[in-house]
Asker: 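Could you have a look at this structure, given as structure tokens, before my questions?
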Protein chains: 2
Amino acid sequence: MLRINRETDYGVVILSAMAQSPAERFNAAQLAAAHGLPQPMVSKVMKQLVHAGLLRSFRGAKGGYGLAREPEAITVAEVIEALEGPIAFTECVKAGRDSCEHVDDCHASTTWARISAVVREALGAVNLAEMGQPAAASAALCSRQQLMGH
Amino acid sequence: MLRINRETDYGVVILSAMAQSPAERFNAAQLAAAHGLPQPMVSKVMKQLVHAGLLRSFRGAKGGYGLAREPEAITVAEVIEALEGPIAFTECVKAGRDSCEHVDDCHASTTWARISAVVREALGAVNLAEMGQPAAASAALCSRQQLMGH
DNA sequence: GCTAATGTGTACCATTGAGGTACGGATTAA
DNA sequence: TTAATCCGTACCTCAATGGTACACATTAGC
């Protein structure tokens, strides 16, 4: 079904919510309650996002998480890549030529790479600020230029 | 990692190969051998593709499979949908509004639907004939118009 | 008709990964 | 010092993926 996994879904929802008040600091329990998610799950996701440099964490009492950049500067593609690795439709696109014995006579792998790039680009066109505003997201998806080719 | 599953991968490879000789009739064993795939797996995939109307099957001795349409008229999106269901990044996009208790205060679902549609469109722009020819596929991906919006 | 070659359907199994939980330790504000 | 919070690791459970097996239906060719 070509689905993102649940962690990624949670991550996007949480980050979009945080993007509404970019300056505020949020803790895991608070976010979990606000979105009806299991608290440990939220912590797990947040940790990965910190690791990827999308969030900053503040430890200790009155600690929490804050966006590492402006919401406009964080794209959906980055969130997905932070939570589930590179955007690649097939194993061989991700792992490179050596991963599959059939690369040489496989006519599909190159095209999969192109397709993956196009999708990556579409996901890179939508940022967190737009995520919560369908109209803005549509505009971003429409106006993006076709950078593919060569 | 946003990957298609293995069955889908096999399906695309097999169909692309068949698209090279659109008139020919192929049997499962022959295709399995040609691409180094397990024969039962190939049968499984073929069956689904017949069911989806992308292949025609001929039973009995000298039977086999043939493309149900011109290779140019079968898109990668159709193959994916035949083998793994609708192209939808999140559960709620696939199952509709009622599937998730948070739809009303979830700002992300609408945007996910738009993104899914864009990806669906990109996958729909590449057909089987192009799949084996990266240059043609790139051209198709580039030249497609942005139909989104409204 | 008989037989061999083929697709069809169903059922089954093993392994992996997703999703979720638990807990102890490190860090810091007050 | 204490309580709040993040961090790391390890663990568990269940469903889906990937793959297999086999009996049955269909048909070409003899």
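Letters A, B, ... are given to chains in the order of the sequence lines, protein chains preceding strands, and every chain is numbered from 1. Just so it is clear, the structure is predicted and the values come from calculations on it, not from any experiment.
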Asker: Below 4.0 angstrom from OP1 or OP2 of C/dA18, is there any side-chain N or O of A/Tyr10?
Answerer: no

Asker: Given D/dT20, C/dT8, D/dT9, identify the nucleotide with an atom nearest to the side chain of B/Lys47.
Answerer: C/dT8

Asker: Looking only at side-chain atoms of A/Pro38, point me to the closest of C/dT21, D/dC6, C/dG7.
Answerer: C/dT21

Asker: Which is more 5' along DNA chain C, the nucleotide nearest A/Met41 or the one nearest B/Asn27? Just name the residue.
Answerer: B/Asn27

Asker: Can you measure A/Leu83 atom CG to C/dG19 atom P for me and round it to whole angstrom units?
Answerer: 11 Å

Asker: Is there a side-chain polar atom (N or O) of B/Arg6 under 4.0 Å from OP1 or OP2 of D/dG19?
Answerer: yes

Asker: In Å and rounded to the nearest 0.5 Å, what is the CD to OG1 distance from B/Glu121 to B/Thr75?
Answerer: 11.5 Å

Asker: Mind calculating the distance between OH (A/Tyr65) and C1' (D/dA4) to the nearest angstrom?
Answerer: 13 Å

Asker: Return the value, rounded to whole Å, for the distance between atom CE of B/Met46 and atom P of D/dG19.
Answerer: 17 Å

Asker: Rounded to the nearest Å, what distance is computed from the CD atom of residue B/Gln39 to the P atom of nucleotide D/dA21?
Answerer: 11 Å

Asker: May I ask you to decide whether B/Arg6 forms a salt bridge with A/Glu91, counting only side-chain N to carboxylate O separations under 4.0 Å?
Answerer: no

Asker: Between B/Ser116 (side chain) and B/Phe89 (backbone), is there a donor-acceptor pair under 3.5 Å?
Answerer: yes

Asker: Return the 5'-most residue of the pair A/Lys44, A/Gly60 with respect to DNA chain D, ranking by each residue's nearest nucleotide.
Answerer: A/Gly60

Asker: Please give, in whole Å, the distance from D/dT5 C1' to A/Arg25 CZ?
Answerer: 11 Å

Asker: Which part of the nucleic acid, if any, lies within contact of B/Ala29, taking any heavy atom under 4.0 Å across all strands shown: a base, the sugar-phosphate backbone alone, or nothing?
Answerer: nothing

Asker: For the pair A/Glu7 (side chain) and A/Leu83 (backbone), establish whether a donor and an acceptor sit closer than 3.5 Å, ignoring hydrogens and angles.
Answerer: no

Asker: Determine: side-chain N/O of B/Ser57 to OP1/OP2 of C/dT8, distance under 4.0 Å, yes or no.
Answerer: yes

Asker: So if I take every side-chain heavy atom of A/Arg59 and compare against C/dT8, C/dA29, D/dC6, which nucleotide ends up nearest?
Answerer: D/dC6

Asker: Whole angstrom is fine here: how far is it from CZ in B/Arg56 over to C1' in C/dT6?
Answerer: 16 Å

Asker: Please check: side-chain N/O of A/Glu130 versus main-chain N/O of A/Asn127, any donor-acceptor pairing under 3.5 Å?
Answerer: yes

Asker: Output the single nucleotide from D/dT27, C/dT8, D/dC6 whose closest atom is nearest the side chain of B/Ala61.
Answerer: D/dT27

Asker: Report the distance from atom CG of A/Leu31 to atom P of D/dC6, rounded to the nearest whole Å.
Answerer: 9 Å

Asker: Can you tell me how far P of D/dG19 sits from CG of B/Asn5, to the nearest Å?
Answerer: 10 Å

